Amino acid sequence: MGGYLLKVESIIDFAERSEYQGGAEPQAALNARRGGLVHGTKVATKAGWKLVEELRAGDFVRTLDNGFRPVSRVATDCIMVPPGETNAENMPIRVPSNAAYNGRVVWLMPEQGVALDNTKLNHDPITLPVSMPIVSARLLSGMFRITSDVPASYFDISTLFFDQDEVIYIEGGFRAFCPAGRFGSGGINGGASYEVVAGEAAADLIYLTTRRGDIGVLANSLGSVPAPVFDHPIVPVRPVRGARRPGRPGRPLMMI
C-alpha cells in the first residue's frame with residue numbers, strides 16, 4: 001500500500017494560535033515529549049534542501065549510510081506545549097543560528113534521535129558504544145549555546161518513516177535518526193551500527209562532547225551543504241570531428 005500523509009496547517013514561522021483558549025490538556029506533556037521534525041526544518045534530498053512539510057512518500061532523502069532512500073510514510077501531528085512549561089524533558093531544543101552549520105535557528109523535538117560521531121572521541125579512556133550512537137535531542141541542552149525552549153504553544157511536526165532504520169541529514173549538518181517504527185521501537189538497520197543509548201552511556205557521551213568542545217561530534221559540515229544529485233550522469237558531449245569547441249581558439253592559418 002502507498003504511504004499516507006495526514007496534513008494539518010503548517011506553522012513555519014511558529015506564530016501563536018490565538019484561537020486556543022483554556023488550560024493544558026492532561027496529555028499535553030506526553031504529546032510534547034516525542035520525536036519528529038518541526039515544520040520549517042530543511043532536509044537533504046535528492047533535489048537539494050526541502051522543508052520537511054513538503055516531503056511526500058516516495059521522495060528520496062539523503063541518508064548517512066545508504067545513499068538516497070525513499071520515504072515510505074509521513075505522519076504529521078500538531079504539538080501542544082502547556083503554558084508555562086519548564087520541564088526540559090517536555091520542551092523542544094533550540095539551536096541558535098551559527099551554533100553548528102546553521103545560518104538560522106533550528107528546532108529539535110526533545111525525543112528526536114540525534115546521531116553523534118564518537119570516532120572523534122575514541123581516544124578518551126571511557127568505553128563508548130557504536131560509532132554512531134543515537135541520543136535524545138533534549139540531552140544536548142546546555143552545550144554549544146543549545147537550550148530548551150518553546151517555539152509556540154502550538155506547532156506542527158512531521159515524522160519520516162523508511163523501510164529500515166535510517167539516519168538522515170537535516171539543516172545545520174545534524175544527523176537525525178528515523179527508525180522504521182516510532183523512536184526507540186527498533187527495526188532492521190541494513191548493517192548500519194545505530195544504537196539508541198540512554199542513562200549512563202548517554203551521560204558519558206554528552207560529558208565527553210562538552211569537554212571536547214568539537215561541534216563535529218554533533219554536526220557534519222559536508223552534510224550541511226548537499227548538492228542536487230541527478231538521475232543521469234552529466235557527460236560532456238564531444239564536438240563533431242573537425243568542429244571547434246565554443247570559445248576554443250583555432251590554429252593559426254598557415255602561410256602558403
Side-chain angles (χ1 to χ4, degrees), residues 10-12 14 28-44 50-53 55 61-64 71 73-81 85 87-96 99-102 104-117 132-144 146-152 154-162 165-187 189 192 194-198 201-202 205-206 209 215 217-220 223-224:
S10 175
I11 311 294
I12 296 178
F14 308 121
L30 180 61
N31 189 23
R33 189 189 303 160
R34 53 161 300 171
L37 299 178
V38 177
H39 280 195
T41 304
K42 294 180 181 179
V43 177
K50 290 187 71 173
L51 295 172
V52 65
E53 61 267 30
L55 294 177
V61 170
R62 183 181 181 184
T63 69
L64 177 65
V71 176
R73 183 166 62 90
V74 182
T76 301
D77 299 285
C78 178
I79 298 300
M80 186 186 87
V81 179
E85 178 63 70
N87 186 350
E89 290 189 357
N90 301 332
M91 299 170 67
I93 293 301
R94 182 181 187 273
V95 184
Y101 302 103
N102 53 312
R104 60 176 190 154
V105 174
V106 173
W107 289 92
L108 299 170
M109 288 299 288
E111 292 301 335
Q112 172 58 51
V114 177
L116 304 183
D117 183 1
M132 278 291 168
I134 311 297
V135 299
S136 297
R138 59 182 172 79
L139 300 177
L140 308 181
S141 182
M143 64 171 67
F144 303 109
I146 298 172
T147 58
S148 297
D149 206 342
V150 180
Y154 285 91
F155 56 93
D156 297 314
I157 66 170
S158 288
T159 305
L160 306 181
F161 297 94
F162 297 84
D165 290 354
E166 298 288 1
V167 170
I168 66 172
Y169 287 100
I170 66 172
E171 192 169 0
F174 293 101
R175 296 162 290 233
F177 180 52
C178 297
R182 288 289 182 179
F183 181 79
S185 63
N189 59 16
Y194 310 139
E195 179 181 334
V196 179
V197 297
L205 283 169
I206 297 303
T209 303
I215 193 64
V217 179
L218 295 182
N220 185 303
S224 67

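No hydrogens, no waters, no symmetry mates; every other heavy atom, side chains included, goes into these values. Keep in mind the model is a prediction, meaning the values are calculated, not measured.
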**Study point:** Closest approach of Val167 to Ala115 (non-hydrogen atoms, all atoms of both residues)
**Key:** CG1-CB, 4.0 Å
Check your understanding: Is the backbone of Met91 close enough, under 3.5 Å, to the side chain of Glu89 for a donor and an acceptor to pair up by distance?
Key -> no
Point to revise | Shortest non-hydrogen contact between Ala152 and Val150, atoms and distance | key: O-CG1, 3.1 Å
Review point. Side-chain contact, heavy-atom cut-off 4.5 Å: Leu205 with Val135?
Key: yes
Review point. Taking the side chain from Asp117 and the backbone from Val217, do they hold a donor-acceptor pair closer than 3.5 Å?
Key: no
Practice item. Sequence neighbours left out, what passes side-chain hydrogen bond (donor to acceptor under 3.5 Å, both in side chains) with Arg175? Give chain and number order. Key: none
Practice item. Using a 4.5 Å cut-off on heavy atoms from C-beta on, say whether the side chain of Leu140 contacts that of Ile206. Key: yes
Check your understanding: How about Lys42 and Arg104: do any of their side-chain heavy atoms sit closer than 4.5 Å?
Key -> yes
Exercise for review: Indicate yes or no: at least one non-hydrogen side-chain atom of Leu37 is less than 4.5 angstrom from one of Ser158.
Suggested key: no
Practice item. With rounding to the nearest 0.5 Å, note down the distance linking CE in Met109 to OG in Ser136. Key: 11.5 Å
Point to revise | Residues forming a side chain to side chain contact (heavy atoms under 4.5 Å, CB included) with Ser141, sequence neighbours excluded | key: Ile93, Ser148
Check your understanding: Taking the side chain as C-beta and beyond, is there a heavy-atom pair between Ile134 and Val114 under 4.5 Å?
Key -> no
Revision key, fill the gap. Smallest heavy-atom separation, Val52 atom then Gly40 atom, equals CG1-N, 4.5 Å
Study note, to complete from the structure: Residue set satisfying side chain to side chain contact (heavy atoms under 4.5 Å, CB included) with Val105, at least two apart, ordered chain then number -> Arg94, Trp107
Review point. So, do Ile215 and Tyr101 sit near enough that their side-chain heavy atoms are less than 4.5 Å apart?
Key: yes
Practice item. Take Tyr169 and Phe174, measure what side-chain contact (heavy atoms from CB on, under 4.5 Å) needs, and give me the verdict at the end. Key: CA-CA 6 Å; Tyr169 287 100; Phe174 293 101; over 6 Å; no
Check your understanding: Is there a side-chain contact (heavy atoms from CB on, under 4.5 Å) between Ile168 and Phe162 once you walk through the steps?
Key -> CA-CA 11 Å; Ile168 66 172; Phe162 297 84; 3.9 Å; yes
Check your understanding: Got a sec, which residues hit side-chain hydrogen bond (donor to acceptor under 3.5 Å, both in side chains) with Thr63, two or more places apart in sequence or on another chain?
Key -> none
Review point. So do Arg34 and Asp77 actually touch side chain to side chain, heavy atoms under 4.5 Å?
Key: yes
Review point. How far apart are the closest heavy atoms of Leu139 and Met143, and which atoms are they?
Key: O-CE, 4.5 Å
Check your understanding: Who pairs with Arg138 by salt bridge (Lys or Arg N to Asp or Glu O under 4.0 Å), at least two apart in sequence or on another chain?
Key -> Glu111
Check your understanding: Ala202 and Val197: which non-hydrogen atoms are nearest, and at how many Å?
Key -> CB-O, 3.9 Å
Exercise for review: Could you tell me the separation between the CD atom of Glu53 and the CD1 atom of Ile157, rounded to the nearest 0.5 Å?
Suggested key: 12.0 Å
**Study point:** Value rounded to 0.5 Å, distance of OG1 in Thr41 from CD in Gln112
**Key:** 9.5 Å
Review point. Just wondering, do Phe161 and Glu166 contact through their side chains at under 4.5 Å, heavy atoms?
Key: no
Practice item. For Asn102, enumerate each residue passing the side-chain hydrogen bond (donor to acceptor under 3.5 Å, both in side chains) test, keeping only those at least two apart in sequence or located in another chain. Key: none
Exercise for review: Apply side-chain contact (heavy atoms from CB on, under 4.5 Å) to the pair Ile170 and Leu108, showing each step before the final yes or no.
Suggested key: CA-CA 10 Å; Ile170 66 172; Leu108 299 170; 3.8 Å; yes
Practice item. Please test Val61 against Leu55 for side-chain contact (heavy atoms from CB on, under 4.5 Å), starting from the C-alpha separation and ending with a verdict. Key: CA-CA 9 Å; Val61 170; Leu55 294 177; 4.2 Å; yes
